[in-house]
Amino acid sequence: MKILILGIILSILIRGLIIFNGLEVADIKNFHDSANMLLSGINPYLNAHLYPYPPLWMFFQAGSAVLAQMFHTSFHFVMKFWPNLADVLIAILIYKKIRSKLWSFFYLFNPVSLIISSAHGQFDSIGSSLTIFSIIFTNPLFLGLAISLKAYPAMLLPLFIFSQKIWQRKLRFLIFASLPTGLLLIPFLVLNSKETISAIFSYSGFGDLGYGAVLRSFWWQINAEHWLPQSDQLLSFSKISFLAGSIFFYITFSGGKNLIKGCLAVYLLFLAVYFGISAQYLLWVLPLAVLSKDKMVIPYSIVATLALSGFYLFFGPEILLGKYFYLAGGFFQNKFMPLYFFGNLMLWLTILFWLVKIVKEQLPEVQKFSPVRKKLVIASILVFIISLLPLTSSAIQIIRKSVS
Amino acid sequence: MTKVIFILISFFQLFIFPSQVLAAGDISLQELQGMGFIKYEALNTNSLLFFAKRIGEKIINVDDQTLLNTRFNELVFIANFRKTNFLGEASSNYNAIAGRIIDGQNPLPEDKTRTYIKILEKMRDLYHSGSLPWIQLQQSLETTQRLI
């Protein structure tokens with residue numbers, strides 16, 4: 001226990017150093033602006049660019065702004081406190097659940113966690129910690145709270161619901177998991193229903209990481225353009241593919257003994273198939289993989305760190321390097337493009353390999369399914385493969401255009 | 001394993017040798033060759049593998065005249081195919097080596113320098129006078145003129 005406490009203190013020191021070196025830029029700046037909107041009595045959803053999340057996070061933002069004023073400190077110090085606190089909490093939960101200091105430290109000192117929570121200041125670790133609480137205590141309210149912070153744990157909801165044995169419990173889980181978001185949204189819907197719904201549902205990501213980054217790197221070769229003109233098309237195609245793929249995973253993993261593995265598989269599917277992957281999404285799989293002691297998380301962490309380094313050094317060196325941003329030599333430096341490209345290519349291939357490995361491990365379970373469920377598994381995988389065709393065709397077209 | 005290697009080679013081939021599958025630039029290769037230009041480089045400033053080529057040059061310790069020729073070929077490729085956002089880097093890379101030769105003891109043969117000047121003038125004239133690409137190519141041209 002003493003070693004765990006020492007590890008936590010050391011991790012807090014490292015995280016503190018990164019935060020101290022950081023600047024109020026990118027998302028943190030948006031958080032401050034939307035906090036000021038709320039504190040001035042304006043609905044932050046009126047500016048979808050600033051606030052595309054479910055409602056709960058805006059109260060963290062406003063609270064942090066008040067605390068920063070109260071203690072005469074920088075807003076980003078207070079704002080970054082919450083995701084880092086969640087990271088420490090996840091490390092403790094990991095230790096409590098699997099009794100392994102090594103795995104706990106693996107999460108605590110993982111560069112992906114340090115970069116996302118301490119340097120970037122994104123709050124995905126809070127959603128992940130609440131999701132883990134929900135898994136451990138089989139409590140829908142924790143998952144509901146996670147969804148009311150950031151929508152991504154909602155993609156796990158069908159797995160949680162089908163892990164319940166009887167229909168009343170399934171319904172109860174659905175209601176309680178939806179309750180926090182529903183209740184918190186009411187005042188904003190009353191004020192500006194159209195804008196609120198549009199702000200939450202219009203955000204689709206930018207294709208910063210994963211295969212989106214690989215395609216953007218190819219496109220860069222034409223004339224140093226870092227925006228893909230086909231982004232909207234790829235986003236639409238990839239949404240359909242993810243939906244089709246997730247149905248396959250829900251059918252294959254629902255009701256199984258290993259809920260964590262199922263959740264991990266759905267997140268990996270998202271990272272493998274969806275086009276609009278943002279930097280912070282890479283954190284989602286970490287706690288689940290560590291909890292299930294999946295060693296694939298080691299190569300994943302290495303390539304994810306490379307991909308993230310390439311992304312930040314190229315697009316936003318001030319996020320990664322903080323006060324020392326000038327060391328990168330400016331924005332969009334061609335010298336970082338190979339790191340961005342190869343990092344993301346390796347990341348995407350690792351994710352694909354990992355996903356296939358998890359599906360293979362699940363095959364003995366599939367053999368035990370009823371004939372109807374087996375047919376559903378086959379049908380859903382066929383639909384998934386068909387849904388990938390337009391996406392693959394668009395990707396090949398981009399690569400061909402980039403080199404001709 | 002053989003399949004994996006084959007797929008990887010096919011994949012990387014797409015961007016390792018992009019110039020081999022390129023359509024013609026503003027000025028045809030034949031016309032350029034008529035002026036004394038030899039060939040485009042397989043890897044140019046815009047390539048994702050350009051860094052590997054630069055590392056290779058540092059390891060092998062390529063002499064400045066060969067290096068200048070390589071940078072010149074890359075500059076012509078970037079200018080002729082109007083990859084203007086890479087022109088600043090291609091032009092700076094070329095100017096840096098030309099500067100080293102100007103300061104060094106081993107001058108470039110005059111006929112070669114005149115060929116470079118002729119081609120660079122042609123490249124510069126592809127762009128509007130006073131535009132950024134025009135200025136960048138003019139700088140390279142003026143640096144080359146100092147080689148004589």
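In this text the structure is predicted, and so the values were computed from the model without any measurement. Below, read A as the first sequence line, B as the second, and so on, with proteins coming before strands; counting in each chain starts at 1. No hydrogens, no waters, no symmetry mates; every other heavy atom, side chains included, goes into these values.
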>> side-chain hydrogen bond (donor to acceptor under 3.5 Å, both in side chains), that's the test. Do A/N334 and B/E89 meet it? Break it down for me.
In response: CA-CA 9 Å; A/N334 199 19; B/E89 191 178 336; 2.9 Å; yes
>> Is B/R54 close to chain A through its backbone or its side chain, or both, or neither, when contacts mean heavy atoms under 4.5 Å?
In response: neither
>> Heavy-atom count check: over 12 atoms from other residues, nucleotides or ligands less than 6.0 Å from A/F332 CZ?
In response: yes
> Got B/L49 and A/F342 here, is their nearest side-chain heavy-atom distance under 4.5 Å?
Replying inline: yes
>> How about CH2 on A/W348, more than 12 heavy atoms from neighbouring residues, nucleotides or ligands closer than 6.0 Å, or not?
In response: no
> Considering residues, nucleotides and ligands other than A/K239, do more than 12 of their heavy atoms fall under 6.0 Å from its NZ?
Replying inline: yes
>> Surrounding CZ of B/R82 (heavy atoms of other residues, nucleotides or ligands, distance under 6.0 Å), is the total greater than 12?
In response: yes
>> Nearest 0.5 angstrom please: A/W220 CH2 to B/N85 CG, how far?
In response: 7.5 Å
> Residues of residues 124-134 of chain B under 4.5 Å from chain A (heavy atom pairs)?
Replying inline: none
> Rounded to the nearest 0.5 Å, what separation is found between the CD1 atom of A/I222 and the NZ atom of B/K83?
Replying inline: 6.5 Å
> Closest approach of A/Q221 and B/L48, non-hydrogen atoms and distance?
Replying inline: OE1-N, 3.1 Å
>> What part of B/F51 gets within 4.5 angstrom of chain A, counting heavy atoms only: side chain, backbone, both, or neither?
In response: side chain
